[in-house]
Student: 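Quick one: structure below, then a few questions.
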Amino acid sequence: MSNYETVTVETDLLILGGGMAACGAAVEASYWGKKHGIKVTLVDKAAMDRSGAVAMGLSAINMYVGLKDGANTVNDYVQYVRNDLMGIARDDLVANIARHVDGTVHLFEKWGLPIWKDEKGGYVHEGRWQLMISGESYKLIVAEAAKTALGKENIFERVFIVGPIMDGDRCAGAVGFSVRENKFYVFKAKATLLTLGGAVHVFKPRSMGEGLGRAWYPPWNAGSSTYFTLKAGAELTSQEVRFVPVRFKDAYGPVGAWFLLFKSRATNAFGGEYMVERKPELEKWGPYGKVKPIPANLRNYLGMLDENEGKGPLFMRTEEAINKIATSSGDEKAAKKKLKELDSEAWEDFLDMTISQALLWAATNTAPEEKSSEIGPTEPYFIGSHSGASGAWVSGPQDLAPPEYFWGYENMSTVKGLFMAGDASGANPHKFSSGSCTEGRLAGKSAIRFLVKEKPAMPKVDPAEMEKAKATILQPLKTYEENKGKSTDPNVNPHYILPKMFMLRLQKLMDEYAGGVSMRFTTTEPLLKRGLELLALLKEDAAKLGAKDVHDLMRAWENTHRMYQAEAHVRSILFRQETRWPGYYFRADKPKLDEENWKVFVNCRMDPKTENWELKKIPVKSTFA
Ligand code: SFD
Ligand code: AMP
């Protein structure tokens with residue numbers, strides 16, 4: 001530990017993360033920053049070319065409004081998102097992204113992203129809001145634009161960010177460590193933009209043993225955004241709104257292209273189409289049970305009801321969908337050609353995005369044109385960019401936000417000088433890759449506006465405080481080194497807990513007490529309170545984390561971040577006295593939707609010093625009808 005060098009970097013705007021939101025912020029902030037002599041620096045735990053959720057590529061852009069061709073309006077998108085989240089969404093933030101996202105997609109195309117075109121040269125739509133792409137290299141293309149805008153000297157890759165530096169109640173930057181060299185980093189900044197993604201593996205995954213690590217959302221997004229926001233004393237919102245996606249079983253292949261492009265049906269094991277047969281259930285869920293498309297969580301719930309009744313497993317009827325399209329022309333020769341085309345689209349959908357699904361098809365001799373595939377709800381994830389809504393509470397844009405939702409600079413949190421975008425910003429879901437990049441652009445420009453107008457001084461950071469932070473952050477290495485010899489097997493030692501064991505304990509706890517897969521996503525007040533008791537013990541044991549090397553050190557802090565995400569989630573579910581998203585979680589002791597008392601945001605904040613929590617209701621307001 002003594003051989004750890006401290007590297008101090010001073011900058012004006014610090015962008016944390018190198019994913020879709022960060023790349024958008026880098027391009028926009030560098031452009032406007034250059035006009036005002038403002039320095040922009042970016043830090044990523046991995047290599048930007050292949051980091052974050054889009055590392056493996058994507059096969060669709062899921063947010064494109066199509067304003068130019070008059071197909072849709074901003075308000076259409078606002079309504080779609082508000083209904084999908086059962087009434088709880090920030091219309092002002094959703095609209096702000098919706099009015100700019102098409103421009104971002106056109107930039108992607110200019111940068112070289114292949115977007116499928118129809119015979120008239122128009123974009124091929126997967127659905128009303130989704131475009132098909134050949135997106136294996138999507139992240140490389142977007143990262144290249146960001147790196148060019150920033151300049152190599154302003155990019156720090158392979159540096160893991162642990163938490164914020166505070167200068168009084170102002171965010172003054174961040175601390176972290178290299179995952180390649182013995183370097184501890186102090187980033188001092190006049191403004192900070194947090195885009196560290198969402199959280200995976202807080203709950204026990206369905207994958208285990210040889211498959212452990214297999215997930216839909218990337219396990220390398222470990223809740224660092226939530227931890228950073230809490231430790232800065234900023235407000236979070238919608239931490240109860242986890243996302244439980246329905247996915248092809250065991251390899252986590254997405255379903256959007258099958259439902260929307262291939263118009264595939266999903267049925268139970270007896271051929272029953274649960275989204276049709278269980279329509280009466282939708283009556284129970286207020287106005288949201290009547291909208292089209294059926295909200296994502298209710299789609300899940302209808303399938304879960306069939307499974308609970310022993311009608312599982314559920315299947316995506318790929319064979320039916322492909323053959324129906326192929327034979328639709330009635331011409332046998334054309335059908336053969338179409339079948340071949342559809343078959344390659346089916347495989348490309350996964351080869352461009354979730355390669356393991358294609359591997360599992362191969363490994364199980366599954367030809368989608370001949371055999372349907374099992375689907376099912378996965379373990380919960382925390383992502384503010386898909387059909388979940390967890391993230392920080394940020395200011396809206398002045399022209400769209402109700403007065404209560406605007407405090408100076410759009411996308412700024414409740415802590416001065418700290419901005420969020422992408423998964424890190426909450427209550428504005430359905431932004432996906434293109435919307436997250438767009439929100440990054442908006443937040444990047446807003447942070448530059450903040451720097452130009454407020455002219456904040458470089459924050460004061462006490463070197464002695466930084467040395468204390470360094471000791472705390474590197475402590476797991478010391479704990480392991482000092483105690484590893486006290487047992488015959490360093491993996492079994494009473495003096496420390498190893499990161500993987502810590503993670504498995506957290507996952508078991510969340511699965512059993514906070515409504516994970518084993519509990520069919522169901523929980524109650526007594527279960528949640530017991531879960532909090534066990535989380536408090538886990539937090540005590542976090543002080544005894546041991547790390548055998550710098551990789552383990554990153555794992556130790558990733559799991560600490562997951563633990564705080566877990567606590568924010570459990571406290572928020574406990575606070576909301578109803579069931580609003582039954583296909584995401586079900587409060588068996590509060591089984592109904594309560595529009596009268598609970599059509600609100602649930603916000604939470606933790607005092608960084610005392611770690612005391614406060615939770616509150618925030619009324620849902622909108623300037624949209
Ligand atoms: O259909 C630290 N997403 C899809 N979006 C689409 O537009 N189309 C699709 O087809 C999509 N599909 C999909 C999607 C995601 C995944 C994983 C799959 C399939 C398999 C969603 C988008 O990918 C998502 O909305 C955006 O990428 C979110 O952007 P952002 O910027 O909020 O998160 P990020 O890109 O993961 O970036 C996070 C960055 O932070 C870094 N990082 N760096 C330093 N220190 C730490 N402690 C850090 N922790 C994290 C990461 O390295 C990364 O650079 S479909 O299935 O939905
Ligand atoms: P997914 O593959 O589940 O990540 O979904 C990709 C996109 O398709 C998202 O915009 C979803 O909201 C949308 N989607 C998925 N399934 C359906 C469905 N059955 N009806 C309407 N939209 C859907």
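Both counts, for ligands and for their atoms, begin at 1 and track the order of listing. Values below: all heavy atoms of this structure, side chains included; hydrogens, waters and symmetry mates excluded. Keep in mind that this is a model prediction, so the values were computed, not measured.
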Student: Any N/O of A60 closer than 3.5 Å to an N/O of ligand 1?
Tutor: yes
Student: Tell me which part of L260 gets within contact of ligand 2: side chain, backbone, both or neither, using heavy atoms under 4.0 Å.
Tutor: side chain
Student: Distance from I15 atom CD1 to T41 atom OG1, nearest 0.5 Å?
Tutor: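 Going from CD1 on I15 over to OG1 on T41, the span is 8.5 Å.
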Student: May I ask you to check whether H561 has an N/O atom sitting below 3.5 Å from an N/O atom of ligand 1?
Tutor: no
Student: Are W216 and ligand 2 in contact, using a heavy-atom cut-off of under 4.0 Å?
Tutor: no
Student: Check L196 against ligand 1 and report side chain, backbone, both or neither, counting heavy atoms closer than 4.0 Å.
Tutor: both
Student: Write out the residue and atom name of the closest protein heavy atom to atom 17 (C) of ligand 1, then the distance separating them to 0.1 Å.
Tutor: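 Of every protein heavy atom, A53 O, 3.3 Å lies nearest to atom 17 (C) of ligand 1.
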Student: Starting from atom 43 (N) of ligand 1, which protein heavy atom do you reach first, and at what distance in Å?
Tutor: K45 N, 3.0 Å
Student: Who's the nearest protein heavy-atom neighbour of atom 37 (O) of ligand 1, and how far?
Tutor: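 Protein heavy atom at minimum distance: G19 CA, 3.2 Å.
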Student: Would you call the rings of F187 and Y185 parallel, tilted or perpendicular, where under 30° means parallel and over 60° means perpendicular?
Tutor: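 Ring orientation of F187 relative to Y185: parallel.
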Student: What atoms in ligand 1 come closer than 4.0 Å to a heavy atom of T195?
Tutor: 38 (C), 39 (C), 40 (O)
Student: Give the single entry among I355, L58, L16 that approaches atom 14 (C) of ligand 1 most closely by any heavy atom.
Tutor: L58
Student: Determine, step by step, whether Y564 and H569 satisfy the ring-ring contact (aromatic ring centres under 6.0 Å, His included) criterion, reporting the C-alpha distance in whole Å, the side-chain angles of both residues, the deciding distance to 0.1 Å, and the verdict.
Tutor: CA-CA 9 Å; Y564 280 83; H569 184 56; over 10 Å; no
Student: Would you please say whether a donor-acceptor pair under 3.5 Å links the side chains of D423 and Y381?
Tutor: no
Student: Quick check: G197 and ligand 1, any N/O pair under 3.5 Å apart?
Tutor: no
Student: Going from CE on M275 to OG1 on T267, what distance comes out if it is rounded to the nearest 0.5 angstrom?
Tutor: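 The OG1 atom of T267 is 10.5 Å from CE of M275, to the nearest 0.5 Å.
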Student: What I want to know is whether N221 and ligand 1 share at least one N or O pair that is separated by under 3.5 angstrom.
Tutor: yes
Student: Quick one: nearest non-hydrogen protein atom to atom 46 (C) of ligand 1, plus distance?
Tutor: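 I find the closest protein heavy atom is I161 N, 3.8 Å.
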Student: May I ask you to identify, for F432, whether its side chain, its backbone, both or neither come under 4.0 Å of ligand 2 on a heavy-atom basis?
Tutor: side chain
Student: What atoms in ligand 1 come closer than 4.0 Å to a heavy atom of S433?
Tutor: 5 (N), 6 (C), 7 (O), 22 (C), 25 (O)
Student: Does H430 reach ligand 2, in the sense of a heavy atom lying below 4.0 Å from it?
Tutor: yes
Student: Please list the nearest protein heavy atom to atom 35 (O) of ligand 1 with its residue and the distance rounded to 0.1 Å.
Tutor: M20 N, 3.2 Å
Student: Going through the distances and angles, do S387 and Y584 end up as a side-chain contact (heavy atoms from CB on, under 4.5 Å)?
Tutor: CA-CA 10 Å; S387 309; Y584 292 168; 3.3 Å; yes
Student: Please determine if S59 has a nitrogen or oxygen closer than 3.5 Å to a nitrogen or oxygen of ligand 1.
Tutor: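 N/O-N/O distance below 3.5 Å does not exist for this pair.
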Student: With atoms numbered from 1 as shown, which atoms in ligand 1 lie under 4.0 angstrom from a non-hydrogen atom of G17?
Tutor: 40 (O), 41 (C)
Student: Calculate, to the nearest 0.5 Å, the distance between atoms CG and OG belonging to D352 and S59 respectively.
Tutor: 6.0 Å
Student: Could you tell me whether some N/O pair between R247 and ligand 2 is separated by less than 3.5 angstrom?
Tutor: yes
Student: Looking only at heavy atoms of R247, does any of them come nearer than 4.0 Å to an atom of ligand 1?
Tutor: yes
Student: Just distances here: any N/O of W220 and N/O of ligand 1 closer than 3.5 Å?
Tutor: no
Student: Is the shortest side-chain N to carboxylate O distance from D306 to R278 below 4.0 Å?
Tutor: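 Here D306 pairs with R278 in a salt bridge, since their nearest N and O are under 4.0 Å apart.
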Student: Is it the case that the side chains of S134 and W116 hold a donor-acceptor pair, with the cut-off being a distance below 3.5 Å and no angle test?
Tutor: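 Yes, S134 and W116 have a side-chain donor paired with an acceptor closer than 3.5 Å.
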Student: Among all protein non-hydrogen atoms, which one is nearest to atom 51 (C) of ligand 1, and what is the separation to 0.1 Å?
Tutor: D44 OD1, 3.5 Å
Student: Against heavy atoms of V54, which atoms of ligand 1 measure under 4.0 Å?
Tutor: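 Heavy-atom distances to V54 below 4.0 Å select 23 (O), 27 (O).
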Student: Under 3.5 Å between some N or O of ligand 1 and some N or O of T354?
Tutor: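 For ligand 1, there is no N or O atom that lies under 3.5 Å from one belonging to T354.
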Student: Looking at P254, which atoms of ligand 2 are within less than 4.0 Å of one of its heavy atoms?
Tutor: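 Under 4.0 Å from P254, ligand 2 has these atoms: 2 (O).
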Student: Just jot down the ligand 1 atoms closer than 4.0 angstrom to any heavy atom of S224, in number order.
Tutor: 46 (C), 47 (N), 49 (N)
Student: Would you mind running through ligand 1 and noting each atom that sits below 4.0 Å from a heavy atom of G422?
Tutor: 32 (O)
Student: Going by heavy atoms, is V159 under 4.0 Å from ligand 1?
Tutor: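 Right, V159 reaches ligand 1.
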Student: Only one of V105, D102, L107, V101 clears side chain to side chain contact (heavy atoms under 4.5 Å, CB included) with T438; which?
Tutor: V101
Student: Which is it for H386 and ligand 1 at heavy atoms under 4.0 Å: side chain, backbone, both or neither?
Tutor: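 Answer for H386: side chain.
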Student: Using a 4.0 Å cutoff against the non-hydrogen atoms of D423, which atoms of ligand 1 qualify?
Tutor: 28 (C), 32 (O), 33 (O)
Student: When you check the gap from the basic side-chain N to the acidic O, do E558 and R555 get nearer than 4.0 Å?
Tutor: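 The answer is yes: the pair qualifies as a salt bridge.
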Student: At under 4.0 Å between heavy atoms, is it the side chain or the backbone of W216 that contacts ligand 1, or both, or neither?
Tutor: both
Student: Under a plain distance cut-off of 3.5 Å, with no hydrogens placed, do Q565 and T226 share a side-chain donor-acceptor pair?
Tutor: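 Checked: T226/Q565 side chains pair up, N/O donor to acceptor below 3.5 Å.
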Student: How far is atom 31 (O) of ligand 1 from its nearest protein heavy atom, and which residue and atom is that?
Tutor: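 The protein heavy atom lying closest is A21 N, 2.9 Å.
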Student: Can a cation-pi geometry be assigned to R90 and W393, taking NZ or CZ under 6.0 Å from the six-membered ring centre and within 45° of the ring axis?
Tutor: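 The answer is yes, since R90 meets both limits relative to W393.
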Student: Please indicate whether any nitrogen or oxygen in Q130 is less than 3.5 Å from any nitrogen or oxygen in ligand 2.
Tutor: yes
Student: How long is the gap from CG on L302 to CG on L314, to the nearest 0.5 Å?
Tutor: 10.5 Å
Student: Against heavy atoms of P218, which atoms of ligand 1 measure under 4.0 Å?
Tutor: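 Those atoms are 17 (C).
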Student: Return the residue, atom name and 0.1 Å-rounded distance of the protein heavy atom closest to atom 55 (S) of ligand 1.
Tutor: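 It is N62 ND2, 3.7 Å.
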Student: Indicate the ring-plane relationship of F177 and F160, choosing parallel, tilted or perpendicular according to the 30° and 60° boundaries.
Tutor: tilted
Student: Rounded to the nearest 0.5 Å, how far does OG1 of T192 lie from CZ of F419?
Tutor: 9.5 Å
Student: Using a plain distance cutoff, I'd like to know if F259 has any nitrogen or oxygen under 3.5 Å from a nitrogen or oxygen of ligand 2.
Tutor: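 Looking only at distances, the answer is no, because the N/O contact criterion of under 3.5 Å is not met.
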